[in-house]
Amino acid sequence: MTSNATFLAERLNSEPSASQITKELKLKLLSKCYIQENSPQKVVLLLRSNLSEDNVYMYALCCFQTSKLDEAERAILKFPVLSAETNFLLGQICEKQCRMPEAINFYSKALSLNRTLWVAYEKLCKLGSFIDPRQAFVGNTSHNPLIGSNIGNWGIQNNKQKPDEISEMMITLGKPIQLLSQYSIDEALTAFKNLPEPQRNSGWALCQIGRCYFEKYDFPNAVEYFAKAFQVEPQRIEDLDFYSSSLWYEKKNSELCYVLHNCLKNFYYSPQTWVIAGNFFSLQKERETAIKCFTRAIQLNPFYTYAYALCGHEYLANEDFEQARSHYESAHNIDPRQYTALWGLGSMYFKQEKFTQSLQCYKAARTINPNSSILLTYLGVNYKSLNNLSEAINCFESAIKLDKKNPLPRFQLGILLSQMNRDSDALRYLEGLCQENSKESHLYIQIGKIYAKLGHPEKALKFYNDAQELNPKNQNEIKNLIEQLHGNSSFPIIP
Amino acid sequence: MNMDFMASLSSSFQELGDIFSHSDMEGFPIDRQYTKTRFPLTSNSQRRDISNLGIWTLSSAKLGFGIQQLREDSLSTYWQSDGSQPHTVTVYFPRKVYVSEFCIYLDFKSDESYTPSKMSILIGNAMTDMREVQNVELEEPTGWYNFALGKLINGTYNPVKTHYIQLVILQNQHNGRDTHIRNMKILGLREEPVIAFPVFIENSYSKYTMLR
């Protein structure tokens, strides 16, 4: 039917203008038809010489869709009065050009003009500009900048100072999203779980809860919620990238394969599908193929930060530092709050032994997400490499406080304390980890090393043997350690 | 007769001592200028072969007697220079590495006046800033000669980090013009790779090493 409408609109456009059917109206109709048939470039060519206040939004939107950012901005700024959606569009243009402060400005203007503009609020959260949700969705009537023509009903209701049902719901939905963007995960999680029943069971909310568990490194729960969301709303592709990453962490090959199969069937041209494929191949350790998939995702959406970061991780694992750096930096440029890209960049510098640069990256990542115990552990390891031992201890201790389930800060703190000859403290941490039913061979090796150092070869040998039992592949290292033990003491080694 | 026998025996013992002395060279720093061995030094827990990390340049070479022949494992092939003295071999390491020994195989019995006699080894971070660490004169050498590299402190050589190593052949046996070298190796310290965490096998540990 679209082509029929286009045909008729084109015929109408050729007719002379009448009083009821003005030239403006004809152009608008034809543009709408072109947009329907998904050819924004036609709209750009049609409207370029016939710009008016009425159709400038449509023109700018089509310019934006065809990546003519400058042209879109110039056209919008020709007209003095800007509506909420044009402000939003300007914000998107600025964001794509990495002009973040201006983008924040336009988004907040858009939100103040139209209080139901959820996307603008979401963008503000994403860019790290946190405004009170009540302020955002109800507004402050005393200085409400209600100018412009396209305010809609919400503006009028604001004047009555009576937040209606929809604004109330926007506030309850807005609060947890903001908390999630601030990485206050525990608060966000309780807020999401306190949402009213019907909303809480929607695909969107389930995905957000999954996302919270993902950030908490509680992957079994994350997987459960994402899977539920997938069941409730099979059309929901937006958050499946994080679902696939949770499955990647859990090493759930078959589930990942199942999700990928579904997505390839239904969303072949969706960038998320290719991120899922990349995660799948990454789990198989087929790094080259994974890189191809992530690159395809980036090709489908050049502003997909998560794909850039994941692609960077694969390049880093391949020790292709040049490519890794360029991907991490792209991710960081598009979204300055993408802290995993900063972490990746830091890890890359760390591998190259550029410890001061890696420290800067880790620190920058930490300002974005101060609640990540993993990030703090890496920061501590970095301080240790720079020989700043007191800072390293501080980092490990706060990392332990942030996430009691994360064994790595305790592991690292144990090694560090032993290097500082505080062996009894070190043993307290490491043996504490042991008692948590840990089956990690390296933990036993470290404890063994400390006992060897303290002159208890029989105890050391016991831990070395346990370590070997837990990881039979690591025979060489453990054999060397046992030989050293033998060399340093007269204790007979019983195999 | 008897005396002669004793002398030859003691000299062969000395040679044996020389030949097998590299087992006690496990540790660093190295306390002698160079050692002579029958077999090349091999990688062990402390040192490794870093020849392949470098980019090799010769001052000149006769066609078919170049880097390939110098670097391949065979001792029957060799590099032959084709130019005026001094002849040089320059190795550039793009990433600064700890170097400990420079090993070179010479064979006076086959190469005669092509065999080097006066040699000098330089190291430095740029070609304009090379310092001599070894300057030796060998008489009718045959076998592997392992020269210690590094900073000389109290008579011992401490391995240092460098970009460039250069061997300069100043003179050959019986004043020969061009030179033959049959094999060459550079050994460096085995460096501990910098890793934030060991490779954990338990997923409850390894998952915390990644931020995706």
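Note on naming: letters A, B, ... go to the chains in the order of the sequence lines (proteins, then strands), and numbering restarts at 1 for each one.
- With hydrogens and angles ignored, the 3.5 Å screen pairs a side-chain donor or acceptor of Glu440(A) with a backbone N or O of Ile201(B).
- Taking all atoms of both residues into account, the shortest heavy-atom contact from Phe350(A) to Ile195(B) is CE2-C, 3.9 Å.
- Residue Ile55(B) qualifies as enclosed at atom CD1: its count of foreign heavy atoms under 6.0 Å is above 12.
- Ion pairing between a basic and an acidic side chain is recognised when a charged N comes within 4.0 Å of a carboxylate O; Arg95(B) and Glu353(A) show such pairing.
- Interface residue Ser282(A): only side-chain heavy atoms are found under 4.5 Å from chain B.
- At a 4.5 Å heavy-atom cutoff, Asn382(A) makes no contact with chain B through either its backbone or its side chain.
- Note: Tyr217(A) and Tyr208(B) have parallel aromatic rings, judged against thresholds of 30 and 60 degrees for the angle between ring planes.
- Between chain B and the options Ile374(A), Leu443(A), Asn406(A), Asn474(A), heavy-atom pairs under 4.5 Å are most frequent for Asn406(A).
- For the options Lys473(A), Lys351(A), Lys405(A), heavy-atom pairs under 4.5 Å to chain B are most numerous at Lys405(A).
- When heavy atoms are compared at a cutoff of 4.5 Å, Gln412(A) approaches chain B solely by way of its side chain, counted from C-beta outward.
- Contact check for Met210(B) versus Trp343(A): side-chain heavy atoms found under the 4.5 Å cut-off.
- One N or O on the side chain of His442(A) and one on the backbone of Val199(B) form a donor-acceptor pair closer than 3.5 Å.
- Lys252(A) NZ: more than 12 foreign heavy atoms inside a 6.0 Å radius.
- Between Val381(A) and Phe197(B) the shortest side-chain heavy-atom distance falls below 4.5 Å.
- Between Ser206(B) and Lys251(A), the shortest heavy-atom contact is OG-NZ, 4.2 Å.
- Residues Thr340(A) and Arg212(B) have side chains not in contact (no heavy-atom distance under 4.5 Å, counting atoms from C-beta outward).
- Considering only heavy-atom pairs separated by less than 4.5 Å from chain B, the leading option among Ile415(A), Asn279(A), Ile445(A) is Asn279(A).
- Other residues, nucleotides and ligands contribute more than 12 heavy atoms inside 6.0 Å of the CD atom of Glu137(B).
- Within the 4.5 Å cutoff, the side chain of Phe219(A) has no heavy atoms near those of the Asn203(B) side chain.
- Residue contact with chain A, scored on non-hydrogen atoms closer than 4.5 Å, involves the backbone and the side chain of Thr209(B) alike.
- No side-chain heavy atom of Phe200(B) sits less than 4.5 Å from a side-chain heavy atom of Pro407(A).
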